[in-house]
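Okay, so here's the structure we're looking at.
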Amino acid sequence: MPPVNVTRRTRIIRRMAKEKTNYCCSECGGVSPKWLGKCPHCNAWNTLIESTVESSAPARNRFASLAKTAEVATLGDIEAMDLDRTPTGHEELDRVLGGGMVEGGVVLIGGDPGIGKSTLLLQALDSLQRSGRSTLYVTGEESGAQIALRSRRLGLGHSQVKVLAEIQLDKILATLEATKPDVAVIDSIQTVYSEQLTSAPGSVAQVRECAAHLTRCAKASGVGMVLVGHVTKDGSLAGPRVLEHMVDTVLYFEGDTHSSFRLVRAIKNRFGAVNEIGVFAMTEKGLKGVSNPSAIFLSQHAEPVPGSCVMVTLEGTRPMLVEIQALVDSGGPSPRRLSVGLDKDRLAMLLAVLHRHAGVACMDQDVFVNAVGGVRISEPAADLAVLLAITSSLRGKPLPKGFLAFGEVGLAGEVRPAPRGQERLKEAAKLGFSVAVVPKANAPKKPIDGLTIHAVERVEQAMEAARSLA
Ligand code: TYD
Ligand code: MG
């Protein structure tokens, strides 16, 4: 048969089946009817991905379940309803969720493999079930028997949590429709696949399509839904952040899998505060909340060592003391700058400030910086502690016992205040710290018992203060 007929026939079949394939750019979201190497909208290469193959009839109703009000109303006249929150029974998890699970709310929880996502969610579902809520745990990674084994290990012997081992989207949606649980967990979104797409499970198109369907299902039926997501090597949730826009709450697990502490951080929350942190310890019997975590990120040195400086970080509502460690060592022709738990670009900037304004040069040195315990610090208040740890390592002189510092460092060498400085200082004093180098604007008006404050305005003053104390 000549090729022209084949094309025509395919076209007719497609038209009859009312199928439509789009290619969507993962960078700009632009749509192209055919696959191209370069996105016609933003000119990025290799970003077009198969988006959907669906008949046109359901396409028209795609968002039917989302739009509940059809009339335009004045904002003041719309009755504001208080959110009905269901506490999970785990205080630290409720803290990051903003008080508990919300009816119809969708939570995305990401983290490295083996960090404890499945463990925490199984524990949460069990306590919800025990408090009288109906729950469903959909597993695509482990069998029902494996989940049962884990629940025995967690001491949840006669758990009434319903388990469904399934990866096909339609079947999951049908089960959700039939059982109507109060809270459902999908572990993980990367294993779920829709037969309407030809791409493999875990591909961006599949992840996005399945998450969109599950989100619509949650909104329409009022199920509180938790989607578990794997992170890619660069640390973002697979499916270039598309899922983060779709869901109400995004939580990330942080922490070193080798240490027993785990942090759960809220990155986005439509129902609560962001940057709130929940702290857990991994034990024999699963994850246990740590209600007073201020001192867990300090390593226990018998005597002060060079290259270590403690700071107080305040992410969320609780101050926590974190040890910043630095190692400065003679490097090769292209010295390395490596940071774990702190921003790498910011480290390069701080080294330039240190050179220009305090005359401390590390150009020919390797510089490694680490926040102890796998905690990630995104606030600039860590700057001063990073610089003091670096200079301490470079000079081989430890900072004094009971020393701490915090404050943001600007490009002009100025030291800027950190928010809620008093709270940070009080927490440090409570834990027995005795000397602090802080920005001038953070110096307390009334002295704090047991704490000597050195208020500084510039980075060179901070270096001088630390040198005089060492
Ligand atoms: P898991 O919840 O399976 O991780 P994820 O779902 O994020 O991949 O966590 C598994 C790890 O937790 C595994 O390394 C063993 C450890 N663990 C404990 O230490 N204690 C426990 O009670 C359980 C259930 C797991
Ligand atoms: Mg898991």
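Numbering of ligands and ligand atoms starts at 1, following listing order.
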Side chains of Val192 and Leu227: does their closest heavy-atom pair fall under 4.5 Å? no
I want to confirm something. Looking only at heavy atoms, which of Lys285, Met282, Lys117, Glu141 is nearest to atom 19 (O) of ligand 1? Met282
Considering the heavy atoms of Ile115, write down every atom of ligand 1 situated less than 4.0 Å from one of them. 4 (O), 7 (O)
Near Leu154, which atoms of ligand 1 are under 4.0 Å from a heavy atom of that residue? 22 (O), 24 (C)
Please indicate whether any nitrogen or oxygen in Gly114 is less than 3.5 Å from any nitrogen or oxygen in ligand 1. yes
Distance in Å, Leu351 CG paired with Cys362 SG, rounded so as to fall on 0.5 Å steps: 5.5 Å
Between the side chains of Arg95 and Glu92, is the shortest nitrogen-to-carboxylate-oxygen separation below 4.0 Å, so that they form an ion pair? yes
Got an N/O contact under 3.5 Å between Gly116 and ligand 1? yes
Kindly indicate, with the supporting measurements, whether the criterion side chain to side chain contact (heavy atoms under 4.5 Å, CB included) is fulfilled by Arg262 and Ile115. CA-CA 8 Å; Arg262 306 279 188 275; Ile115 199 148; 3.4 Å; yes
Do NZ/NE/NH1/NH2 and the carboxylate oxygens of Glu427 and Arg424 come within less than 4.0 Å? no
Specify side chain, backbone, both or neither for Pro113, according to which of its non-hydrogen atoms lie closer than 4.0 Å to ligand 1. backbone
Verify the distance criterion only: is there a donor paired with an acceptor across the side chains of Glu276 and Thr317 at less than 3.5 Å? yes
Let me check your reading of the structure: within less than 2.8 Å of the Mg ion (ligand 2), is there an N/O/S atom from Thr119? no
Under a 4.0 angstrom heavy-atom cut-off, which atoms of ligand 1 come close to Glu284? 20 (N), 21 (C), 22 (O)
Check whether Asp248 reaches the backbone of Val106 with its side chain - one donor and one acceptor, N or O, closer than 3.5 Å. yes
Identify, for atom 2 (O) of ligand 1, the protein heavy atom at the shortest distance, and state residue, atom and that distance. Thr119 OG1, 2.5 Å
Classify the side-chain pair Thr139/Asp187 by whether it contains a donor and acceptor separated by less than 3.5 Å. no
Would you say Asp187 has any N or O atom under 3.5 Å from an N or O of ligand 1, going by distance alone? no
of all protein heavy atoms, closest to atom 20 (N) of ligand 1 is Thr283 O, 2.8 Å
Got a second to check how far Thr86's OG1 is from Glu103's CD, nearest 0.5 Å? 7.5 Å
The protein heavy atom nearest to atom 15 (C) of ligand 1 is Arg153 NH1, 4.2 Å
For atom 6 (O) of ligand 1, closest protein heavy-atom neighbour: Ser118 OG, 2.6 Å
To check your reading of the model: name the closest protein heavy atom to atom 3 (O) of ligand 1, its residue, and the distance in Å. Arg150 NH2, 2.9 Å
Decide whether an N or O pair under 3.5 Å exists between Gly286 and ligand 1. yes
Would you please say whether a donor-acceptor pair under 3.5 Å links the side chains of Ser188 and Glu141? yes
